[in-house]
A.B. asks: 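Structure incoming, see below.
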Amino acid sequence: MSKGPTFTEDQVARFYGPAVSQPDLIRHYTLSPPDLTLIARCRHDHNRLGFAVMLCYLRYPGRPLRTDERPPASTIEFIAAQIDSLPTDFDLYLEQTRRRHSAQLQEAMNLRPFGAIPAQKIEDWLVPHALENDQLNHLATLALGECRLRQIIVPPIGSLQRICLRARVRARRDIHRAMTAGLSASQKYQLDQLTKAKDENGATWLAWLRQFPESSKPSAMTALIDRLDHVRGLNLPSTIDGQISLARQAQIEREGRRTTVQHIARFEPGRRHATLVLICTDLRTQLTDQAIELFEQLIGAMFRKAQGRHDREFKADGRAINAKLRLLVEVGKAIVVAKDTGGDAFDAIPQVTTWDHFRQSLAEAEQLLRPADFDAFEILDQQYIGIRRWSPAFLEAFEFLGVSATSPLLKGIDLIRSLNRSGRVGVPQNAPTSFVRRRWAKYVWSDGVLNRRYYELCILSELRERLRSGDVWVKGSSTYKSFEDRLISHERLELLRQNNSLQVSVQSDLGAFLNARRDRLQERLSQIEAKAKSGDLTDVAVEKGNLKIAPIERTTTAISDALISRLYALLPRIRITDLLAEVNEWTSFTDHFTHLRTADTPNSPQTLMAALIADGLNLGLTRMAEACDVASLGQLAWVSDWHIREETYNLALKRLVAEQQRLPLAAAFGSGTSSSSDGQFFQSSGYGRDSGRLNAHYGHKPGVKFYTHISDRYAPFYTKVIAATASEALHILDALLSHQIEPGVTRHHTDGGGVSDHVFALCSLLGFQFAPRIPDLKDRRLYVFDKPGNYPTLENLIAAKIDIELIGAHWTEILRVAQSIRSGQVTASVIMRQLAAYPRQNGVAMALREFGRMERTLFTLDWLEDPQLRRQTTQELNKGEARNSLARAVFLHRLGEIRDRTYENQQHRASGLNLLVTAIILWNTRYLEKAVEELRARGEVIDDAMLSHLSPLGWEHINLTGDYIWGNENELVRPVGELRPLRNLQSRASMIKPAA
């Protein structure tokens, strides 16, 4: 048990300090009539006031007033006002009287002193709470609260610390005992073996299990399966004792993941075995997900390789094909001339070439001839040998389950397994084939016989597509599990409907909802039809069924540009280290980076900030240790392992965003209720599996995208690493539902990458207005409830009627999907990925598409009518683009490349970058406010409307490179919280003509 100091001075002050804020004073120190009667018995004002203060202290925080202790002024004033005394009367309150009053009040209030028996009872009471959360700060708060409820004088800090530590130790032993109760002696021995050396190099078995292969090669698949087989060989239970919450299990697992194998080996047996059980249970799930993801990539690579070889072979034959075509053209021309002049076609051929040469050319052309379909599938079987290097082990390693429609595919998988085990080559003619699609059919059946190669490749390809869509899932997987398992139950949905507790933004009654939508859509169509016919749509014309929209004009002026330049010229120059330290003075955001195990705040905020900068600037811990003067590599690595994680990044980001949003200047940028999102591509330095996939839009180098949401006040409140090939539309709602920004965003803008009918549908269901800039809007058709002919001017823009029967047939499932997302049962990106997967004949997906078409039509009509909507969308998207420019400038080290292989480390880079960018935006906003005040103090007139053109995204005044040090001996000592002086650039400013 730890004997050192556990609680910080701030925590002790919070535990034992009196109420100070107005709400706490009212709650704890409002005196009742019996209190006033008891106080009135005292003689003299100073005794009455001291007695009242002692009474309040015994009630909260639950202790007597200490010797020579003077309560805060606000506390004395609040109490004195209730008994008509002066706060200065407290100065006459004598120590001897304090002790007497304390004893009298403890007897009158039936308060018991703290002793061994109360301590044991409080400890016993704490243990069940420590099973859920054993952070000492949390346990101490609970213990003090329980003492007050039981009318026990709160214990001194030493006793409180011992109670909490003992309760934590007992709870952890209970947890370890519950988690290892079902383990046999053999299993415990096998778990201990994980901490032993695997080979002569000294690497342990556990280290080997943790080292996932990074490449997208067959050897990586076999390595993953080897590790999975080793974990499965431990025969650990699939679920842990139900008394232990999932959150508590996750915390223990995270602690174990960040602890070295050598330290785990030194744990006492119960803790060691429990930690290893959770690590292996998590590894079992991770390895399963990684193997399935790698399977998808390997099948995708199979098609790419076949297509690439097909293209190369055709290109290699290009010269010969061209020669044969030229000869054919010459011969054809000669025959046509002979036909037109009445000559003999056979005599015309020798005029071009000899018959022998012509025969030889025909034979060579026949060799060059490609199948009529000209399809890369013709050579797909050449990839079979490479696929067989891993596919038998892959199919044996996992149990696939699926909906009834996938039964033939699952039977086909079972057949391939049995053929692999028996060594047979041929496929039985009664093999299941109903899953074979038309494109595969002619290759799977070769001369009426099933082709083993194509049959197996077809099964693997179809398995990949069905895994993506969710029609097939994998036992033991977290990512690839049943669509049904992701949603709330039908019973839960029905209960919510009966209680009117559905968290959706539409009427749950289908008839009422559709009637309201029908009336709204028909009304808007009639309005836009009339305006289009009369030509009253601003900058929009519908001529002969063709839609034309004029581009948005630039709203900034030379005057506003000059003002922006002058304001930025006043901002002080600053190092990134000092900027982050100053922002921490304002927000204390580093306090959110608590220790994973103890929840303590960092001992050295500067060491933490150095690690954050290493993430944000893409510098890395090794080079940061060389460049900074506050910490060694070991110290940076330790604080990174135990204090920096996605949870703490999110809390710190939320604190910075809240601070920036409340600044008066931020209100000039926007209302705070709109946002936009955009993906930013970052190239990776290698071709590892976790480096991302190739996206031709960004060139021929692999990489990932940082998908970031930014509010209309320039606060980047969410960022997420996604694959370079991933659809941005899938991830829009994840951020809007993350509660990283207050007040909540109600309107969201994206560019073309985020447009999807499913997004329109889910945004409407969840209460968000989706306002994207739709590319090629003239080609996006409208949908109506009635006849398209009712709107002759818009008729060519209308595709069809909305299928309300389809929506009605799946209305309950639509509500179930929306409620599951809103309640956090599943993330929107996971559900949307499955709904958008191909192939999927899923009624819910098609019904949501119809719903989305209806919402998209309503939005398109607003877009055509409202030029302000078009302008605002463009402005918000421009904010995101400008933010990306700042992020690109900040992420400058290592050539701006992502060199991390795992998703967790890539997400740390993205989160560190976003935190640093947000800190710069907050710092700029506050100093731009001061610069505006400075110019106004000089007598310059700055219209508030001009400030809307200002942006806190400049970085010319910030030193992002060099030695990363804090402070400077030559700098003036600045009081904490006070802003730096602005730059005195009057001579430079005089060169710029002031705004008229």
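Model, not experiment: these values are computed from the prediction. We're numbering straight along the sequence, starting at 1.
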A.B. asks: Under the side-chain contact (heavy atoms from CB on, under 4.5 Å) criterion, do His758 and Leu848 qualify, and how do the steps go?
C.D. replies: CA-CA 6 Å; His758 286 162; Leu848 270 173; 3.8 Å; yes
A.B. asks: Would Phe513 and Trp811 count as a close aromatic pair, with their ring centres under 6.0 Å?
C.D. replies: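 Between Trp811 and Phe513, which both carry aromatic rings, the centre distance is below 6.0 Å.
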A.B. asks: So which heavy atom on Thr719 is nearest to which on Asn914, and how close?
C.D. replies: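 Of all heavy-atom pairs spanning Thr719 and Asn914, the closest is CG2-CB, 3.7 Å.
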A.B. asks: Got a second to check how far Ser676's OG is from Arg747's CZ, nearest 0.5 Å?
C.D. replies: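 Result: 12.5 Å between the selected atoms.
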A.B. asks: Has Arg497 got a side-chain atom pairing as donor or acceptor with Leu502's backbone, closer than 3.5 angstrom?
C.D. replies: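 Not at all, since once roles are kept as given, no pair shorter than 3.5 Å links the two residues.
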A.B. asks: Run through Thr288, Asp289, Asp282 and flag the one making a side-chain hydrogen bond (donor to acceptor under 3.5 Å, both in side chains) with Gln286.
C.D. replies: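 Of the listed residues Thr288, Asp289, Asp282, the side-chain hydrogen bond (donor to acceptor under 3.5 Å, both in side chains) partner of Gln286 is Asp282.
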A.B. asks: Looking at every non-hydrogen atom in both residues, tell me the closest pair between Glu728 and Asp751 and how far apart they are.
C.D. replies: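 Closest heavy-atom pair between Glu728 and Asp751: OE1-OD1, 3.9 Å.
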A.B. asks: Testing the 3.5 Å rule here: is there a donor-acceptor pair between the side chains of Tyr480 and Glu296?
C.D. replies: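 Glu296 and Tyr480 do have a side-chain donor-acceptor pair below 3.5 Å.
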A.B. asks: Quick one: do Asp786 and Lys801 make a salt bridge, cutoff under 4.0 Å?
C.D. replies: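 Judged by the 4.0 Å cut-off on N to carboxylate O distance, Asp786 and Lys801 do not form a salt bridge.
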A.B. asks: Any side-chain to backbone donor/acceptor pair from Arg284 onto Ser477? Under 3.5 Å, distance only.
C.D. replies: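 Not a single qualifying donor-acceptor pair exists.
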A.B. asks: Any idea which heavy atoms bring Val504 and Ala818 closest together, and the distance?
C.D. replies: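 Where Val504 meets Ala818 most closely, the heavy atoms are CG1-CB, 3.7 Å.
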A.B. asks: Mark yes or no for whether Thr141, through its side chain, and Asn137, through its backbone, hold a donor-acceptor pair below 3.5 Å.
C.D. replies: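 Answer holds: yes.
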A.B. asks: Applying side chain to side chain donor-acceptor pair (under 3.5 Å), can you list everything that pairs with Gln22, at least two apart in sequence or on another chain?
C.D. replies: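 For Gln22 there are no side chain to side chain donor-acceptor pair (under 3.5 Å) partners, ignoring immediate neighbours.
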A.B. asks: Which residue pairs satisfy the salt bridge (charged side-chain N to carboxylate O under 4.0 Å, His left out) criterion with at least one member in residues 514-526, sequence neighbours excluded?
C.D. replies: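 Those involving residues 514-526 are Arg517-Glu855, Arg524-Asp862, Arg524-Glu865.
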A.B. asks: Determine the sole option in Phe768, Phe760, Tyr783 for which the ring pair (Phe, Tyr, Trp, His ring centres under 6.0 Å) test with Phe859 is passed.
C.D. replies: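 Of all the options given, the one that passes is Phe760.
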A.B. asks: How far does CG of Leu287 sit from CZ of Arg232, to the nearest 0.5 angstrom?
C.D. replies: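 Result: 9.0 Å between the selected atoms.
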A.B. asks: Check ring pair (Phe, Tyr, Trp, His ring centres under 6.0 Å) between His749 and all other residues, then give those that pass, not counting sequence neighbours.
C.D. replies: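 Ring pair (Phe, Tyr, Trp, His ring centres under 6.0 Å) list for His749, sorted by chain: empty.
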A.B. asks: Would a 4.5 Å heavy-atom cut-off, applied to side chains only, mark Val784 and Leu525 as touching?
C.D. replies: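 Val784 vs Leu525: side chains touch.
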A.B. asks: Distance check, rounded to the nearest 0.5 Å: Cys763 atom SG versus His748 atom NE2?
C.D. replies: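 Taking SG in Cys763 and NE2 in His748, the distance rounds to 7.5 Å.
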A.B. asks: Do you see a donor-acceptor pair shorter than 3.5 Å between the side chains of Gln503 and Arg822?
C.D. replies: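 The criterion, which ignores hydrogens and geometry beyond distance, is not satisfied for Arg822 and Gln503.
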A.B. asks: Side chain of Asn133, backbone of Gln135: donor and acceptor closer than 3.5 Å?
C.D. replies: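 Side chain of Asn133 to backbone of Gln135, a donor-acceptor pair under 3.5 Å: yes, one is there.
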A.B. asks: Taking the side chain as everything from C-beta on, heavy atoms only, tell me whether Ser711 gets closer than 4.5 Å to Gln661.
C.D. replies: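 Sidechains of Gln661 and Ser711: in contact.
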A.B. asks: I'd like to know if the side chain of Gln660 pairs up with that of Thr918 as donor and acceptor (distance under 3.5 Å, no hydrogens or angles considered).
C.D. replies: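 There is no such pair (donor and acceptor under 3.5 Å, judged by atom type) between the side chains of Gln660 and Thr918.
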A.B. asks: Give a yes or no on whether the backbone of Ala761 and the side-chain of Ser764 come within a donor-acceptor separation of less than 3.5 Å.
C.D. replies: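 Not a single qualifying donor-acceptor pair exists.
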A.B. asks: Should Thr827 and Val830 count as side-chain neighbours, where that means a heavy-atom distance under 4.5 Å?
C.D. replies: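 Yes - at least one pair of side-chain heavy atoms lies under 4.5 Å apart.
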A.B. asks: How long is the gap from NZ on Lys654 to CD on Glu659, to the nearest 0.5 Å?
C.D. replies: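 CD of Glu659 is found 15.0 Å from NZ of Lys654.
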A.B. asks: Might you work through the side-chain contact (heavy atoms from CB on, under 4.5 Å) test for Leu861 and Leu521, ending with a clear yes or no?
C.D. replies: CA-CA 9 Å; Leu861 297 175; Leu521 184 55; 4.0 Å; yes
A.B. asks: Please answer whether the main-chain N or O of Arg781 pairs with a side-chain N or O of Arg856 as donor and acceptor at a distance below 3.5 Å.
C.D. replies: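 Between the backbone of Arg781 and the side chain of Arg856 there is a qualifying donor-acceptor contact (under 3.5 Å).
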A.B. asks: Do Thr406 and Asp471 have a side chain donor and acceptor closer than 3.5 Å?
C.D. replies: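 Checked: Thr406/Asp471 side chains show no N/O donor-acceptor pair below 3.5 Å.
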A.B. asks: Is it the case that the side chain of Gln522 and the backbone of Phe785 share a donor-acceptor pair, with hydrogens and angles ignored and the cut-off at 3.5 Å?
C.D. replies: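 Not at all, since once roles are kept as given, no pair shorter than 3.5 Å links the two residues.
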A.B. asks: Surrounding CZ of Arg492 (heavy atoms of other residues, nucleotides or ligands, distance under 6.0 Å), is the total greater than 12?
C.D. replies: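 Not more than 12 within 6.0 Å, no.
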A.B. asks: Keeping Arg597 on the side-chain end and Glu255 on the backbone end, is there a donor-acceptor pair under 3.5 Å?
C.D. replies: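 Flag not set: sc Arg597 to bb Glu255 has no pair under 3.5 Å.
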A.B. asks: If we only count heavy atoms from C-beta on, is the Lys481 to Val474 side-chain gap below 4.5 Å?
C.D. replies: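 The answer is no, as the side chains (C-beta and beyond) never meet within the 4.5 Å cut-off.
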A.B. asks: Can you name the residues that form a ring pair (Phe, Tyr, Trp, His ring centres under 6.0 Å) with Tyr707, not counting sequence neighbours?
C.D. replies: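 By the ring pair (Phe, Tyr, Trp, His ring centres under 6.0 Å) rule, Tyr707 matches His709.
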A.B. asks: Check whether Phe400 forms a cation-pi arrangement with Lys475 (NZ or CZ under 6.0 Å from the six-membered ring centre, at most 45° off the ring normal).
C.D. replies: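 No, Lys475 does not sit over the ring of Phe400.
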A.B. asks: Side chains of Arg468 and Gln834: is there a donor and an acceptor less than 3.5 Å apart?
C.D. replies: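 Judged by distance alone, the side chains do not pair up.
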A.B. asks: Are any non-hydrogen side-chain atoms of Ser677 and Ile732 less than 4.5 angstrom apart?
C.D. replies: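 Ser677 reaches Ile732 side chain to side chain.
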A.B. asks: For the CZ atom of Arg849 and the CD1 atom of Ile802, what is their distance to the nearest 0.5 Å?
C.D. replies: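 Output value for this atom pair is 12.5 Å.
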A.B. asks: Shortest non-hydrogen contact from Phe398 to Ala291?
C.D. replies: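 Here Phe398 and Ala291 meet closest at CZ-CB, 3.5 Å.
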A.B. asks: Minimum heavy-atom separation for Thr180 to Ala274, with atom names?
C.D. replies: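 Closest pair (atom of Thr180, atom of Ala274, distance): CG2-N, 3.6 Å.
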A.B. asks: Tell me if a side-chain donor or acceptor on Asp712 pairs with a main-chain N or O of Ser675 at a distance below 3.5 Å.
C.D. replies: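 Not a single qualifying donor-acceptor pair exists.
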A.B. asks: Using 0.5 Å steps for rounding, measure from the CD atom of Gln498 to the OG atom of Ser508.
C.D. replies: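 Rounded to the nearest 0.5 Å, the CD-OG separation comes out at 11.0 Å.
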A.B. asks: Hey, are the side chains of Val755 and Arg780 touching, using non-hydrogen atoms and a 4.5 Å cut-off?
C.D. replies: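 When only atoms from C-beta onward are counted, Arg780 and Val755 do touch, with a gap below 4.5 Å.
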A.B. asks: Does atom CZ (Arg27) have a neighbourhood of more than 12 heavy atoms from anything else shown, all under 6.0 Å?
C.D. replies: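 At most 12 heavy atoms, drawn from other residues, nucleotides or ligands, come within 6.0 Å of this atom.
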A.B. asks: Could you tell me whether Asp174 and Arg177 make a salt bridge, using a distance below 4.0 angstrom between a side-chain N and a carboxylate O?
C.D. replies: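 Salt bridge: yes.
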A.B. asks: Any salt bridge linking Glu123 with Arg170? Criterion: basic side-chain nitrogen under 4.0 Å from a carboxylate oxygen.
C.D. replies: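 A salt bridge is present here (some side-chain N lies under 4.0 Å from a carboxylate O).
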A.B. asks: In this structure, are over 12 heavy atoms from other groups packed under 6.0 Å from Glu805 atom CD?
C.D. replies: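 No, because the 6.0 Å sphere around CD of Glu805 holds 12 heavy atoms or fewer from other groups.
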A.B. asks: Any heavy-atom pair between the side chains of Lys720 and Phe706 that's under 4.5 Å?
C.D. replies: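 No, too far: nothing below the 4.5 Å cut-off.
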A.B. asks: For residues Arg816 and Ile488, report the shortest heavy-atom separation together with the two atoms involved.
C.D. replies: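 Looking at all heavy atoms of both residues, the closest pair is NE-O, 2.6 Å.
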A.B. asks: Would you say the side chain of Val817 lies within less than 4.5 Å of the side chain of Val844, judging by non-hydrogen atoms?
C.D. replies: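 The answer is yes, as the side chains (C-beta and beyond) meet within the 4.5 Å cut-off.
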A.B. asks: Under the side-chain contact (heavy atoms from CB on, under 4.5 Å) rule, what do Cys147 and Leu144 come out as? Steps first, then yes or no, please.
C.D. replies: CA-CA 5 Å; Cys147 284; Leu144 293 173; 5.5 Å; no
A.B. asks: May I ask you to decide if Ile831's main-chain N or O and Arg486's side chain share a donor-acceptor pair within less than 3.5 Å?
C.D. replies: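 Side chain of Arg486 to backbone of Ile831: no pair is present.
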A.B. asks: Once side chain to side chain donor-acceptor pair (under 3.5 Å) is applied, do any residues pair with Asp134, and if so which ones, sequence neighbours excluded?
C.D. replies: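 Per chain and number, Asp134 pairs via side chain to side chain donor-acceptor pair (under 3.5 Å) with Arg172, Arg248.
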A.B. asks: Carefully, step by step, assess Thr708 and Asp678 under the rule side-chain contact (heavy atoms from CB on, under 4.5 Å).
C.D. replies: CA-CA 6 Å; Thr708 304; Asp678 189 27; over 6 Å; no
A.B. asks: Partners of Tyr60 by ring pair (Phe, Tyr, Trp, His ring centres under 6.0 Å), sequence neighbours excluded?
C.D. replies: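 Ring pair (Phe, Tyr, Trp, His ring centres under 6.0 Å) list for Tyr60, sorted by chain: His28.
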